[in-house]
Amino acid sequence: MFIALVSLDKNTVQWTLQYLSREHNFTQLELESQVPKERGGQRFDTHTQMIEYATQHWQSNLVTTSLHSCTCSDVDTFLRRPFTLLVALESSIENIKKSLTQQLPPSTPALDLAAFLRWFDGAYRAQRDTLSRAQLNIYNGHETEDAFVDVLREANIVDEQRIRPSWDTYFMELADLASQRSNCMKRRVGAVLTQDKRVVSTGYNGTPKGLLNCADGGCKRCNSGVEMGFAECLCLHAEENALLEAGRGRIGECAVLYCNTCPCLGCAVKIVQTGISQVVYNHGYRVDQKTLELFRNAGVVLRHTPMKRRAPSDKSTTDEECDDSDEIAQNQDQDDNSSQATLSESDLAPAEGGGDHSGSGIKSSTIKTASIPLNSPSLNQLATSLGLLITHSDIDVNDVIVKSECLPNKHKQQHAHPSVCHHWLRDSAAAGRILPIALYVLDDYNPNNSEDGSDDLPPNPQSKNACFRIHPLNSPNEHLVHALRILKQDRVARDERWNALAYSRAAAMVKSFPHRIRSKDDIRLQLSYDSNDTVHTKNIGEKKIRAKIEEYLNYGRISEAETIQNSPSHKLYNALCSIQGIGPRRAYELSRTGASSLGELVERGSITQEDVTLAQHLELGIPRTEVSSIAGVVMENARTLLPHPTHAICGGYRRGKSESNDIDILITHHGYTLQQMNEFLANLARRLQDMGFLTKLMRQLSLSDGHSDKHDYQSTLLGVVASSSKYGTTDSAQVTFRRVDIIVCHPHSFHLEVLAWTGSVMYERDLRAFVKRRNLKLNASSVYNEHTNNEVDLSGIRSERHLLAFLHLPWIAPENRNCD
DNA sequence: AGCTGGCAAACA
DNA sequence: TGTTTG
DNA sequence: ACAGCT
């Protein structure tokens, strides 16, 4: 995305630039004439050149401040591109004056008010046009950078939704637009009825056709100040209008109704009767409890979608008296089931759209919403203060998905402990998305043993351990990282294990650099943004690797890496490695038997054609949508064998990769022993094989054989599935073979397993190396003391984040663990 | 200078 | 036991 | 033909 910042306040602009480059890896593009030369970024002579450059690199994060004083047509050109966002940074007059004063040379006399006003008038007039066209306005009323950065984080500038709205947002904004046509005196309400992502009809509220408009006095009830009964109202609701307009014939199988406001009970009845399958609403802190209940019983999915495209300050939608306010049930009794913090089937309905154009890499960590019918005011208060909306679900498939029924049966009638919910909310706020609550009550919970959340360790970019650093999916130094990985591959091939490790570590270190490395001084880490203190970068030694990087900086390439990459034997070696069962050793041997191609080796009988073909299939990347649909098929079958499984999709998918190599599914179940889980896995494998989905088992299942109770490792199923178009493969007719890894584990070690199966390899390696220094040994299913062999009790661990805090490690979001 | 560098399971 | 795998 | 730590 390409962001242009316009503002009168230079300090605020600077803070924003630093925030964008630090936390979202933005590169700065500027015009040579406008900004003094400083570190970082790219320079251009004209706007056109800059925009052209951005068009070529539209998938990177780019930012400019050079748009403020350009002509209207330049702003037009900028805004016409589909990847741009114009952000106005407004600021208090106080801040603007402070910035201006700081810019003036120290010798100038103090700025008097009249002079400041003259300057302000001129500057404002020059920028007014551009400012008024901004798609996002952020106001800085704070004096310190830290306070403002919090505002920036909340605004979530990088939200892809602003650049291209999801279907939900798109239809909801149409509903909002429809509401503008309302002529009801009480409230503006709009609705849009859709079918297969197409608008069928729209509606807004007001008096029926032919009658005097409500606004002109057509409806006595709405115009009189006194409260009159609902029955007196002549106004048709927006939902009714949309339904009437469409007619029953045009409402099909999967019609979705988008409403401005959560529908009243009267409308809900009509919605159910016309066969609408989903209702999405927007302004809904006050969910009508009766509507909710009706929809739940009738099987209509009710979701909430916030107006994501607006700035956070824009919370102007006051919930004034609405025409159905008297219908809202004030549900006081907390003792019924609806106040239990559980997720139900319909609550877990995934959001429409959003995910289906996720090809462009990292998913921004927007705060997600979840549907938990929590009636506790204190929890809602806490949630709001943390910036979480506890309403209807659009839990990402990326998340650990849990069913309500996963709660232990013996506790069925009991509420989740409030303190559990508090932890859950705090964890969710810190993680930037709603974490699955059921995992917080997965096992007996001891509220005393954990005070985590606030004392999170910060990531440390200087650390030599990858588990302390941020490694985004797309680094600004991807080329260099690639070159270092080629050298690493070469050392692996030569069986120089430790040299290979050193190159891996160096590559990971470069990967964690937040800025583009342009000179050898950049290989040092900046300690802070306003000082010149630098520190030597770990894992890049003073001799060998450093020399390679300097070569890269001088000539744009590393000759050794180029030579390796172009050598035919290396190509053959790589091809051999991708075959299942052939690792570095055999690939090295085979690649120097004099053969020049895989075909030749097949003829000789060293490898089979079958293996080669399979390898070609498995080398293809798997799009995210296909990963989730394959996981869906697996889980659908899992549910027939295990009542209410808990599962998580890990691997590259969880790390946000747009294309995965395989599908890693981790499954557990509350209260099951490992043996039971292993039996379940064997049955699942059989079932998937019988239906022809799982075509090849690549590893035998290890079934724990009763007597050895020491066998508490997770068992894994590594297999190949035939994925055809019905599971989301892009190739329409053809079957593509995909790797699936299904892992079952004990519920106690679930989060540890999630951590282990999410990777990346380098992250795991350094994680274990680090905890070892505290005499802890860590594997995929347990943590124990190296000397005493005492296992650490993990049953109180409530989340992956909690686990990391427990191990004194910083929380690095999965998307930032791409160190490979 | 000398030692360490992730780790366990499954297979050949 | 060494190799391959996740 | 690696790098960090003691």
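Within every chain, numbering begins at 1; the chains are lettered A, B, ... in the order of the sequence lines, protein sequences first and strands thereafter.
For A:Ser597, there are no side chain to side chain donor-acceptor pair (under 3.5 Å) partners two or more places apart in sequence or in a different chain.
Checked for salt-bridge contact, A:Asp741 and A:Arg739 meet the test: a charged N lies under 4.0 Å from a carboxylate O. In summary, A:Glu478 and A:Lys511 engage in a salt bridge, as defined by a charged side-chain N under 4.0 Å from a carboxylate O.
B:dA9 and D:dC2 are spaced 33 Å apart, taking the P atom of each and rounding to whole Å. A distance of about 14 Å separates the P atoms of D:dG4 and B:dG6, rounded to the whole Å.
Taken from OG1 in A:Thr537 to CD in A:Gln462, the straight-line distance is 9.0 Å, to the nearest 0.5 Å.
In the set D:dC5, C:dT3, C:dT5, C:dT5 carries the atom at the smallest distance from any side-chain atom of A:Arg699. Side-chain proximity of A:Ala502 to C:dT4, D:dG4, D:dA3: nearest is D:dA3. Distances were taken from every side-chain heavy atom of A:Arg586 (C-beta onward) to each of D:dC5, C:dG6, C:dT4; the shortest belongs to C:dT4. Here the nucleotide nearest the side chain of A:Gln580, chosen from D:dC2, C:dT5, B:dG6, is C:dT5.
Across all strands, A:Ile582 comes closer than 4.0 Å only to sugar-phosphate atoms, never to a base (heavy-atom distances). As judged by a 4.0 angstrom heavy-atom cut-off over every strand, A:Leu487 is placed among residues making no nucleic acid contact. If you check every strand for non-hydrogen atoms under 4.0 Å, A:Arg739 touches sugar and phosphate atoms only.
One can place CE of A:Met509 at 16 Å from C1' of D:dC2, the figure rounded to the nearest angstrom. One can place CD1 of A:Ile742 at 15 Å from P of C:dG6, the figure rounded to the nearest angstrom. Separating the CZ atom of A:Arg585 from the C1' atom of B:dC11 is a distance of 16 Å, rounded to the nearest angstrom.
A distance of 6.0 Å or more separates the ring centres of A:Phe750 and A:His748.
Side-chain contact check for A:Ser723 versus A:Arg738: some heavy-atom pair is nearer than 4.5 Å.
Within residues 489-501 of chain A, the residues having any heavy atom under 4.0 Å from DNA chain D are, by residue number, A:Arg491, A:Trp498, A:Asn499.
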